[in-house]
J.: 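I'd like to ask some things about the structure below.
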Amino acid sequence: MQIRAPRGTADIVPPDSSSWQRVERCMQETAELFAFQEIRFPIFEHTELFERGVGETTDIVSKEMYTFNDKGGRSVTLRPEGTASCVRALVEHGLYGGVLPVKWYYGGPMFRYDRPAAGRFRQFHQFGAEVFGSQEPSVDAEVIHLMIEIMNRLGLRDYELHMNSVGCPQCRQVFRERLLDFLEPVKDDLCQDCSARRERNPLRVLDCKVPKCQQAISGHPVMLDSLCEDCRSHYERVKAILAHHGTGFIQDDRLVRGLDYYIRTTFEVHLPAIGGASAVGGGGRYDGLVRELGGPDLPGIGFAFGMERLIGALGSQEAKEQEGPLFIALFDSDYELEADLMLARLRRAGFKAERDLNGRSPKAQMKYADKIKAPLVLMIGSDEIAGGFYTVKNMRQGGQNQVESVRILEECRRVIDNIREASK
RNA sequence: GUGGGUGUAGCUCAGUUGGUUAGAGCACCAGAUUGUGGCUCUGGGGGCCGUGGGUUCGAGUCCCAUCAUCCACCCCA
């Protein structure tokens, strides 16, 4: 039987790979403009890092981890997300003792053993950023604005920024109790799932889509009303900064993220147009995580984008009209060496260029040049060799000239400029 | 993890109440007077019909299993 890519994984083949390159470059450049620096960390870590960092009650840790024992008997896990590794690296290198805040970005594959669905994979890719060492609301806004800026630069306009504050452990406890009090009298009206959720994680009940649950919980208490004074003023300040920048957002009382470490500000970016899994990125503040992983009490905040979802959304609105390489048509195989010299000259001058590698007929070479969208073709044959020139054909506008060898590069540049000018 | 749909050439799909060598469009390759693309025409290569069982004289067509994929739930990126 034929070997296929494992369930939930996917190859990224041309021309899709060039979309990926473009998006990755955009994210890196934007993060650099915001003065973030790249960090790279292992694709697998000690299992304990995620158990402690992400939280043992989360779905990610309790049932979605790619965990195995290596040959030394250590339990290791393919990283399901990036934040825990960033924190580990920060602590491991003692960087909390240096210049603060530390602003990092990263990208690469993540792994979660989940059932694949639209926009959900077992190996997927994230681009994320983290800031350590400041609990100012301005950092929350900066991180959110980095996300927004990336969305804008990618040309994705119809996004929604959802925001909420989940408070600190103290006020969350207050809210939890209020919510439990609220749910007690209506518990018999809830669906089965929610009855179970009510005990384990009552906040999730708010997110249930079953109509009768929504009906039963109408008028439920919201987190915002239970925030302590510090959490409230922090969140108000974050919102004020966003408003000052004209950044619109939707207050989403039910935005309760699935990772245990979040406190205070949480946010998600949605693209409603892609349906089902509309969240293309999300994040929040996680003061306390650094300490939890053995470091000092250093605040942190970050986000991650889901590359597949983002690029999937982009694909539908992006008509990629890429310019192909210059092509050298070799009309007489006796002059193969001359053609190769010319090819090298073009490439050294910075032109993307290639020639026929399949021994095709002249006609077939021209067809090929057309298929690869070559803007121009340099023809080399006995006439050219005898006359000491090359024939340069403009494949977009038609027409061809005989050009002496020393003026070739100049002519190529001229033709390409003409074509580009005309296509504007 | 739960429920449902789908699985025929590289891609999008047709395949009649199960019946002989499985089709189309696009793509690919080659020709249409000798060194020239895009249009048109002609020809060609390529499928053990996802895989494994079963029913039958006979299965792409029916049944079961399995794998993959999609949708919803769940969860999130």
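The chains referred to below are lettered A, B, ... by the order of the sequence lines, with proteins before strands, and numbering in each begins at 1.
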J.: Here's a test of your reading of the structure: between A:Arg120 and A:Gly398, which maps to the more 5' nucleotide of RNA chain B?
T.: A:Gly398
J.: Please give, in whole Å, the distance from B:G10 P to A:Arg4 CZ?
T.: 12 Å
J.: For A:Gln123 and A:Pro109, indicate whether the former's side chain and the latter's backbone hold a donor-acceptor pair under 3.5 Å.
T.: no
J.: Which whole number of Å gives the distance between the P atom of B:C39 and that of B:A22?
T.: 32 Å
J.: Just by modelled atom types, is the A:Leu255 backbone N or O under 3.5 Å from a matching donor or acceptor in the A:Asn164 side chain?
T.: yes
J.: Checking all strands, does A:Asp383 fall into the base, sugar-phosphate, or nothing category for heavy-atom contacts under 4.0 angstrom?
T.: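 Here A:Asp383 touches the bases of the nucleic acid.
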J.: Mind calculating the distance between CZ (A:Phe267) and C1' (B:A77) to the nearest angstrom?
T.: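 One finds 13 Å between C1' of B:A77 and CZ of A:Phe267, rounded.
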J.: Any cation-pi pair here, A:Arg40 with A:Tyr106, using under 6.0 Å and within 45°?
T.: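 Negative - A:Arg40 is either too far from the ring of A:Tyr106 or too far off its axis.
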J.: Strictly by Watson-Crick or wobble contacts shorter than 3.5 Å, is anything paired with B:U6, and which nucleotide is it?
T.: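 Pairing partner, where one exists within any strand: B:A68.
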J.: Starting at CH2 of A:Trp20 and ending at C1' of B:A77, how long is that distance when rounded to a whole Å?
T.: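 Result: 11 Å.
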J.: Please give the distance between the C1' atoms of B:U17 and B:C62 as a whole number of Å.
T.: 12 Å
J.: Round to a whole Å and report the spacing from CE of A:Met395 to C1' of B:G38.
T.: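 Checked: the CE to C1' distance equals 8 Å.
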J.: Can you check whether A:Lys363 has a side-chain N or O nearer than 4.0 Å to OP1 or OP2 of B:G37?
T.: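 Yes, because at least one side-chain N or O of A:Lys363 sits under 4.0 Å from OP1 or OP2 of B:G37.
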J.: State the pairing partner of B:C73; accept Watson-Crick or G-U wobble contacts with both distances under 3.5 Å, and report none otherwise.
T.: B:G1
J.: May I ask you to decide whether A:Glu29 forms a salt bridge with A:Arg153, counting only side-chain N to carboxylate O separations under 4.0 Å?
T.: no
J.: Report yes if a donor N or O on one partner sits less than 3.5 Å from an acceptor N or O on the other, where the partners are the side chain of A:Gln400 and the base of B:U36; otherwise report no.
T.: yes
J.: Between A:Arg355 and A:Glu336, does at least one N-O distance fall below 4.0 Å, as a salt bridge requires?
T.: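 Counted as a salt bridge, because a side-chain N and a carboxylate O are separated by less than 4.0 Å.
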J.: Can the ring centres of A:Phe127 and A:Phe305 be said to be less than 6.0 Å apart?
T.: no
J.: To the nearest Å, give me how far apart CD (A:Glu308) and P (B:C76) are.
T.: 18 Å
J.: Remember a base hit wins even if backbone is also touched, and classify A:Gly8 as base, sugar-phosphate or nothing at under 4.0 Å, heavy atoms.
T.: sugar-phosphate
J.: Please determine whether a side-chain nitrogen or oxygen atom of A:Lys63 lies at a distance below 4.0 Å from atom OP1 or OP2 of B:C76.
T.: no
J.: Of all the nucleotides listed (B:C76, B:A30, B:U69), which has the minimum atom distance to the side chain of A:Pro116?
T.: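 Of B:C76, B:A30, B:U69, B:U69 is nearest to the side chain of A:Pro116.
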J.: Tell me if the side-chain of A:Glu64 makes a donor-acceptor pair with the base of B:G1, cut-off 3.5 Å, by modelled atom types.
T.: no
J.: For A:Tyr368 and B:G37, do the ring centres fall under 5.5 Å apart while the planes stay under 30° apart?
T.: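 Given the distance and angle limits, no, they do not stack.
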J.: Of all the choices, B:C76, B:A30, B:U36, which nucleotide is nearest to the side chain of A:Met379 once you look at every atom?
T.: B:U36
J.: Does A:Arg7 have a side-chain nitrogen or oxygen under 4.0 Å from the phosphate oxygens OP1 or OP2 of B:U69?
T.: yes
J.: Using atom P in both nucleotides, what's the gap between B:G10 and B:C49 to the nearest angstrom?
T.: 13 Å
J.: Just the rounded figure in Å: distance from P of B:C75 to CZ of A:Phe111.
T.: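 The answer, rounded to whole Å, is 24 Å.
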J.: Whole Å only: how far is the CD atom of A:Gln123 from the C1' atom of B:A68?
T.: 17 Å
J.: State whether the distance check finds a donor on one side and an acceptor on the other, under 3.5 Å, for side chain A:Arg115 versus base B:U2.
T.: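 Present.
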J.: NA contact type, A:Ala329, heavy-atom cut-off 4.0 Å: base, sugar-phosphate, or nothing?
T.: nothing
J.: Is A:Phe121 touching bases, backbone alone, or none of the nucleic acid, heavy atoms closer than 4.0 Å?
T.: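 Answer is base: heavy atoms of A:Phe121 come under 4.0 Å of a base.
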J.: In whole Å, measure the gap between the P atoms of B:C70 and B:C26 for me.
T.: 28 Å
J.: Using whole Å, report how far NZ of A:Lys367 lies from C1' of B:U36.
T.: 12 Å
J.: Do A:Asp370 and B:G38 have a side chain to base donor-acceptor pair shorter than 3.5 Å?
T.: no
J.: Please evaluate the base of B:G37 for a donor-acceptor partner in the side chain of A:Lys393 within a cut-off of under 3.5 Å?
T.: yes
J.: Give none if B:U21 has no partner; otherwise give the nucleotide forming a Watson-Crick or G-U wobble pair with it, both distances under 3.5 Å.
T.: none
J.: Of A:Ala374 and A:Lys371, whose closest RNA chain B nucleotide lies nearer the 5' terminus?
T.: A:Lys371
J.: Select base, sugar-phosphate, or nothing to describe what A:Gly128 touches, counting heavy atoms under 4.0 Å on all strands.
T.: nothing
J.: Expressed as a whole number of Å, how far does the C1' atom of B:G37 sit from that of B:A30?
T.: 16 Å
J.: Is there a side-chain hydrogen bond (donor to acceptor under 3.5 Å, both in side chains) between A:Glu338 and A:Tyr390? Walk through the geometry before answering.
T.: CA-CA 11 Å; A:Glu338 279 78 359; A:Tyr390 293 87; over 6 Å; no
J.: Watson-Crick or G-U wobble partner for B:A30, using a 3.5 Å limit on both distances?
T.: B:U42
J.: For A:Phe41, is the NZ or CZ atom of A:Arg88 found under 6.0 angstrom from the centre of its six-membered ring and inside 45 degrees of the ring axis?
T.: no
